[in-house]
**Q** 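Here it is, the structure, as structure tokens.
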Protein chains: 2
Amino acid sequence: MSSSVQSVAERAGVSVSTVSRALRGVPGIAESTRKRVQKAAEELGYVASLSASRLATGRTRTVAVVVPLLSKWFFAEVIAAAGRVLSRAGYDVLLTELSTPELRSAFFAAPRLQGRSDGALVLALQLTPEELAALEAQGQVVALVGSERAGASSVCVEDRNGGRAATRHLINLGHERIAFLGIQEAPGSTLGGVPPAERLLGYRDALADAGITPDPGLEFGVGNTVDAGAAAMAKALTAAEPPTAVVAASDELAFGALATLRKAGLQVPGDFSVVGYDNHELAGSIGLTTMDHGVAEQGRLAAEALIATLEGAPAAVERLEPNLIVRGSTAPPRRLRTAVP
Amino acid sequence: MSSSVQSVAERAGVSVSTVSRALRGVPGIAESTRKRVQKAAEELGYVASLSASRLATGRTRTVAVVVPLLSKWFFAEVIAAAGRVLSRAGYDVLLTELSTPELRSAFFAAPRLQGRSDGALVLALQLTPEELAALEAQGQVVALVGSERAGASSVCVEDRNGGRAATRHLINLGHERIAFLGIQEAPGSTLGGVPPAERLLGYRDALADAGITPDPGLEFGVGNTVDAGAAAMAKALTAAEPPTAVVAASDELAFGALATLRKAGLQVPGDFSVVGYDNHELAGSIGLTTMDHGVAEQGRLAAEALIATLEGAPAAVERLEPNLIVRGSTAPPRRLRTAVP
DNA sequence: CGGATCTTTGCAAGCGCTTGCAAGAAGTCG
DNA sequence: CGACTTCTTGCAAGCGCTTGCAAAGATCCG
């Protein structure tokens, strides 16, 4: 169990350096010797000391995954996908949740990854240049998900196209009064986990494309929770000329919107259409039309990019195109449906 | 950056051992010396090498969190809560997802935690005695969530009481035909992440308490997903004498049930009552009556127990009592409601 | 068959920190 | 003021593995 290279060396009748090389598959060891060493190691139940080899090599074969909030489905899903890739490649996964501004600044103020990991996979946090520099100063190779920075690998989604596609879908169905529920961080928060308002811009693009004059009164910015979505939807319904459809910047907001609509006695999609964003695990069961942006794939790709960079490849940027998934929450507005039986 | 104790020692004009002790706050160093050393360290941007101190001490100050499936809300929530406690106590969190039987057996077959962590926090997996022994043989202190084993700390929920309370709530409202949607692992799966059917037993207890003869045709065992819940609910509705309420063994199943009921045109709670189990983050927004069993608290308590054990305390077992949270998905059955205006 | 060329192995010097032990400095007390 | 504590600090021996370099053996070829 706690046997050392020494003991294996003695048992196999070779030197420690031979044991080290044999067990790690370093070329330059006779196959017969290697076998003998492996046998001895096995008989002794030998397991190389991680700390010792890390100290000697300076590499940890560990990747830190840094995430703003673990309990959100999106992050859990990305981490899971990235984790599978990483552990298959032999990397350990160190988890760091930066759920408050204090934790965030403390994390970047001290060299908290130094000697702990070879690379960092940073999800969603919009890193300041200083923060990125801090990570690099700690010897971390960094890969980003959901943002882009010079010098780091990243995978991001063409959210503007996504917002546009979601909105265009509604426009194509005949909707003209379309609300937008956007994600906006609480004013005081410096967590900075929210990506720029690309989705909102896409929404405006689509309206412009269709020659619809945007109504600022139909754009809402709220926290990314079901309840916030419900509240915003309720407010939207009180407009002088209420919308007939809504684009939500996340499925969670959309779930809230659906709850409000149901409570208001409006049929979806009969009276009102809803399109979400994320393709949340529950979106399918609920029948929500939404934008899929390959959440698991983002994790996978980012992990692969990070591993590649760790093994010497240059940093790479990957852009994912979101995809509209039409389910049962969207349909032509009632006005048109009665006209066209 | 990559300065060593040496350089700090020289700069402060002391020996390396003094630096080591000064920086770690070991008693027996004059306050003035400590100050001087700290200053030197700071000026040099010195950060102690983790691998080196781990090698020297034999402790990693890392805890492995082992979980069957990361992307389920329950696990993410537990991990998040545990992670906060652990990192506040200065422990790193190493994440291991055992999402398939192959990964599980590979994990326990090799000493994968040896030298990587001091302890393991194992969620939901019902460890075999051999698996637990394997972890202990690797020098891990282990704490369990959702199961109980001799020699390990654990926190678990009185699920039988929970099932009973959920069911009793419906009985008190006047329901008599009550279905149960239970969680059952796929037959081939050896993942073993599912706790024993305590909740089902509680359901039967409650029926027995009320003198209702249980109808095996109303008990369903399915995978723990929204869709499975929806399907099972659909089947339940086709019974010769259909139920008027259902107890679901998880909120996810309950979400599925709600979807089916809505699709079937049944009003909840007017025509049908549903009670879930978990108090899932979305349960509140959806208005689901459910059993809360302090998910985050389980993580917190388990992490605290693990830390305590790592610091020498004996293993401890904590039992949580689940709590009924009444929301809008339960009401007296229609028969009664019309009788009692 | 002898020297040149590979191959295979061992030596020893790290990697950077911790810690038991002992020595020197300082303080205490009768 | 000297013997005895009590504090502080340094020495040096690890912790267990990796790796550059050189030596020893094996192989090859004219």
Side-chain angles (χ1 to χ4, degrees), chain A residues 1-41 44-62 90 92 111 113-116 118 138-139, chain B residues 1-41 44-62 90 92 111 114-118 138-139:
Chain A
M1 167 167 316
S2 60
S3 49
S4 63
V5 253
Q6 275 265 25
S7 55
V8 180
E10 281 162 16
R11 181 169 195 117
V14 296
S15 73
V16 288
S17 42
T18 301
V19 173
S20 172
R21 292 195 258 254
L23 259 25
R24 277 176 309 142
V26 174
I29 292 290
E31 203 45 45
S32 57
T33 323
R34 175 157 304 163
K35 285 265 160 58
R36 193 150 37 91
V37 171
Q38 281 172 337
K39 182 146 164 288
L44 260 44
Y46 170 74
V47 182
S49 153
L50 258 191
S51 324
S53 61
R54 284 179 179 170
L55 173 58
T57 61
R59 295 200 54 191
T60 62
R61 289 201 71 83
T62 296
D92 284 348
L113 256 31
Q114 180 115 305
R116 244 168 260 264
D118 300 334
Q138 293 171 46
Chain B
M1 167 169 317
S2 58
S3 48
S4 63
V5 251
Q6 275 263 27
S7 55
V8 180
E10 281 162 17
R11 180 168 195 119
V14 296
S15 71
V16 288
S17 42
T18 301
V19 172
S20 172
R21 293 195 256 254
L23 259 25
R24 277 176 309 143
V26 174
I29 292 289
E31 204 45 44
S32 57
T33 322
R34 175 156 301 162
K35 285 265 161 57
R36 191 149 39 91
V37 171
Q38 280 171 338
K39 180 143 165 289
L44 259 45
Y46 169 74
V47 182
S49 154
L50 257 192
S51 323
S53 60
R54 284 178 179 172
L55 174 57
T57 60
R59 295 202 51 191
T60 62
R61 289 202 71 86
T62 296
D92 284 348
Q114 180 115 306
R116 243 168 260 266
S117 54
D118 299 336
Q138 293 171 46

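Chain identifiers are assigned alphabetically (A, B, ...) following the order of the sequence lines, protein sequences preceding nucleic acid strands; residue numbering begins at 1 within each chain.
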**Q** Just how far, in rounded Å, is C1' of C:dT9 from CD of A:Glu31?
**A**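 To the nearest whole Å, that distance equals 15 Å.
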
**Q** How close or far is atom P of C:dT7 from atom CZ of A:Arg34, stated in whole angstroms?
**A**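 These atoms are roughly 14 Å apart.
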
**Q** Counting distance only, does the side-chain N/O of A:Thr57 pair as donor-acceptor with the main-chain N or O of A:Ser53 below 3.5 Å?
**A**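 Confirmed, A:Thr57 side chain pairs with A:Ser53 backbone.
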
**Q** Which part of the nucleic acid, if any, lies within contact of A:Ser53, taking any heavy atom under 4.0 Å across all strands shown: a base, the sugar-phosphate backbone alone, or nothing?
**A**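 Sugar-phosphate: the residue A:Ser53, judged by heavy atoms under 4.0 Å, touches backbone atoms but no base.
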
**Q** Students often get this wrong, so: under 4.0 angstrom with heavy atoms, is A:Arg21 touching a base, only sugar-phosphate, or nothing?
**A**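 It contacts base atoms.
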
**Q** Do the side-chain N or O atoms of A:Arg24 get closer than 4.0 angstrom to the phosphate oxygens (OP1, OP2) of D:dT19?
**A**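 A:Arg24 to D:dT19 OP1/OP2: side-chain N or O found under 4.0 Å.
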
**Q** Counting side-chain heavy atoms from CB outward, which of D:dG16, D:dT9, C:dG10 is closest to A:Ser15?
**A**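 Nearest nucleotide to the side chain: C:dG10.
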
**Q** Rounded off to whole Å, could you give me the CG-to-P distance for the A:Leu23 and D:dT18 pair?
**A**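 It is 9 Å, rounded to the nearest whole Å.
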
**Q** For residues A:Leu55 and B:Arg54, determine if any side-chain heavy atom of one lies less than 4.5 Å from a side-chain heavy atom of the other.
**A**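 No - every pair of side-chain heavy atoms lies 4.5 Å or more apart.
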
**Q** NA contact type, A:Val14, heavy-atom cut-off 4.0 Å: base, sugar-phosphate, or nothing?
**A**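 Result for A:Val14 = sugar-phosphate.
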
**Q** Taking side chain as C-beta onward, heavy atoms only, is A:Val37 less than 4.5 Å from A:Arg11?
**A**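 Heavy-atom side-chain distance check fails, nothing below 4.5 Å.
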
**Q** Assess the residue pair B:Arg24 and B:Ser20 against the criterion (side-chain contact (heavy atoms from CB on, under 4.5 Å)); give the C-alpha distance rounded to whole Å, side-chain angles, the decisive distance to 0.1 Å, and a yes or no.
**A** CA-CA 6 Å; B:Arg24 277 176 309 143; B:Ser20 172; 3.1 Å; yes

**Q** Taking CZ from A:Arg59 and P from D:dC17, how many angstroms apart are they, rounded to a whole number?
**A**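 Going from CZ in A:Arg59 over to P in D:dC17 covers 19 Å.
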
**Q** Report the C-alpha separation of B:Arg61 and B:Asp118 in whole Å, then their side-chain angles, then the decisive distance to 0.1 Å, and conclude whether the salt bridge (Lys or Arg N to Asp or Glu O under 4.0 Å) test is met.
**A** CA-CA 6 Å; B:Arg61 289 202 71 86; B:Asp118 299 336; over 6 Å; no

**Q** Take B:Ala56 and B:Ile29, find for each the nucleotide of DNA chain D with the closest heavy atom, and name the residue whose nucleotide sits nearer the 5' end.
**A**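 Nearest-nucleotide comparison on DNA chain D picks B:Ile29.
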
**Q** Within the structure, does a side-chain N or O atom of A:Ser17 lie under 4.0 Å from either OP1 or OP2 of D:dT18?
**A**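 False: A:Ser17 side-chain N/O out of range (4.0 Å or more) of D:dT18 OP1/OP2.
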
**Q** Phosphate oxygens OP1/OP2 of D:dC17: is one of them under 4.0 Å from a side-chain N or O of A:Ser49?
**A**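 The answer is no; no side-chain N or O of A:Ser49 sits under 4.0 Å from OP1 or OP2.
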
**Q** Would you say D:dT9 has OP1 or OP2 under 4.0 Å from some side-chain N or O of B:Thr33?
**A**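 The answer is yes; a side-chain N or O of B:Thr33 sits under 4.0 Å from OP1 or OP2.
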
**Q** Using whole Å, what does the distance between atom P of nucleotide D:dC15 and atom CG of A:Leu50 come to?
**A**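 In whole Å, D:dC15 P lies 18 Å from A:Leu50 CG.
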
**Q** Under 4.0 Å between any heavy atoms, over every strand shown, what does A:Thr57 touch: base, sugar-phosphate, or nothing? Just pick one.
**A**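 Touches sugar-phosphate only.
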
**Q** Specify the separation, in whole Å, of atom CG of A:Leu55 and atom C1' of D:dT18.
**A**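 Answer to the nearest Å: 10 Å.
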
**Q** Could you check how far CZ of B:Arg36 sits from C1' of D:dT9, rounded to whole Å?
**A**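 Those two atoms, CZ and C1', are 11 Å apart.
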
**Q** What is the distance, rounded to the nearest whole Å, between atom CD of A:Gln6 and atom C1' of D:dG14?
**A**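 Rounded to the whole Å, the gap is 12 Å.
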
**Q** If the cut-off is 4.0 Å, is A:Ser20 near the phosphate of D:dT18, judged by side-chain N/O to OP1 or OP2?
**A**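 For D:dT18, OP1 or OP2 has a side-chain N or O of A:Ser20 closer than 4.0 Å.
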
